[in-house]
Amino acid sequence: QVQLVESGGGQVQTGGSLRLSCAGSGMAFSRYVMAWFRQAPGKEREFVGSINRSGDNTYYRDSVQGRFAISRDNAKNTAYLQMSVLRNEDTAVYYCAATTSPYYSGTYAASPTRYGYWGQGTQVTVSS
């Protein structure tokens, strides 16, 4: 069955960088739009960004635009979230998600309900 496994989380200082990975298995990885979400304590899960099937188009929430970058390597069945200039408010559990829907941008892609497959999450803590 489809399995997504995140890795790369940890603790980092404000202004630092971190790269998360999401390894997929049991799936034709290149046929899925991939996305990253995050959930901070006491808050709802929120969309971070997404990438289309071929990896040449991405879409981000405003607060991470220019600081975060999503990429993918379909040969390795892996998606990445490169986070830079991290802020305290980026602290959250980060999840990768996959959908067979071809839409990777806009309100549709930002809705968690559009994604049928989720990883277990990886904690990112940003501190001063």
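All figures in this text were calculated on a predicted structure; none of them were measured in a lab. When reading the values below, keep in mind they use all heavy atoms of this one structure, side chains included, and skip hydrogens, waters and symmetry mates.
Residues satisfying the side chain to side chain contact (heavy atoms under 4.5 Å, CB included) test with T113, not counting sequence neighbours, are S111. Applying the side-chain hydrogen bond (donor to acceptor under 3.5 Å, both in side chains) criterion to S127, with sequence neighbours excluded, gives Q11. With sequence neighbours excluded, no residue forms a side-chain hydrogen bond (donor to acceptor under 3.5 Å, both in side chains) with S25. Considering only residues two or more places apart in sequence or on other chains, R19 meets the salt bridge (Lys or Arg N to Asp or Glu O under 4.0 Å) condition with none of them.
Screening residues 78-117 for disulfide (SG to SG under 2.5 Å) gives C22-C96 as the qualifying pairs, with residues at least two apart or on separate chains. Within the structure, disulfide (SG to SG under 2.5 Å) pairs that include any residue of residues 44-89 do not occur (at least two apart or interchain). Applying the side-chain hydrogen bond (donor to acceptor under 3.5 Å, both in side chains) test to pairs two or more places apart or on separate chains, those with a residue in residues 75-92 are T14-N88, R38-D90, R67-D90, N88-S128. Annotation: disulfide (SG to SG under 2.5 Å) contacts involving residues 38-75, sequence neighbours excluded, are absent. The stretch residues 114-128 participates, sequence neighbours left out, in no salt bridge (charged side-chain N to carboxylate O under 4.0 Å, His left out) pair at all. Counting only residues at least two apart or in different chains, disulfide (SG to SG under 2.5 Å) contacts with residues 39-93 are absent.
The CD atom of Q3 sits 6.5 Å away from atom CD of Q1, with the distance rounded to the nearest 0.5 Å. Between N52 atom CG and R72 atom CZ the span is 7.5 Å, to the nearest 0.5 Å. Once rounded to the nearest 0.5 Å, the distance linking CD of E46 with CD of Q39 reads 9.5 Å. Atom OG of residue S50 and atom OH of residue Y104 lie 8.0 Å apart, to the nearest 0.5 angstrom.
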Does F37 form a ring-ring contact (aromatic ring centres under 6.0 Å, His included) with F47? I'd like the steps, not just the answer. CA-CA 4 Å; F37 287 78; F47 174 80; 5.6 Å; yes

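Other cluster members for Y103: Y108, joined by side-chain heavy-atom distances under 4.5 Å among Ile, Leu, Val, Met, Phe, Trp and Tyr. Counting Ile, Leu, Val, Met, Phe, Trp and Tyr side chains that sit under 4.5 Å apart, directly or through other members, L4 shares a hydrophobic cluster with V2, V12, L18, L20, M27, F29, Y32, M34, W36, V48, I51, Y60, V64, F68, I70, L81, M83, L86, Y94, Y117, V124, V126.
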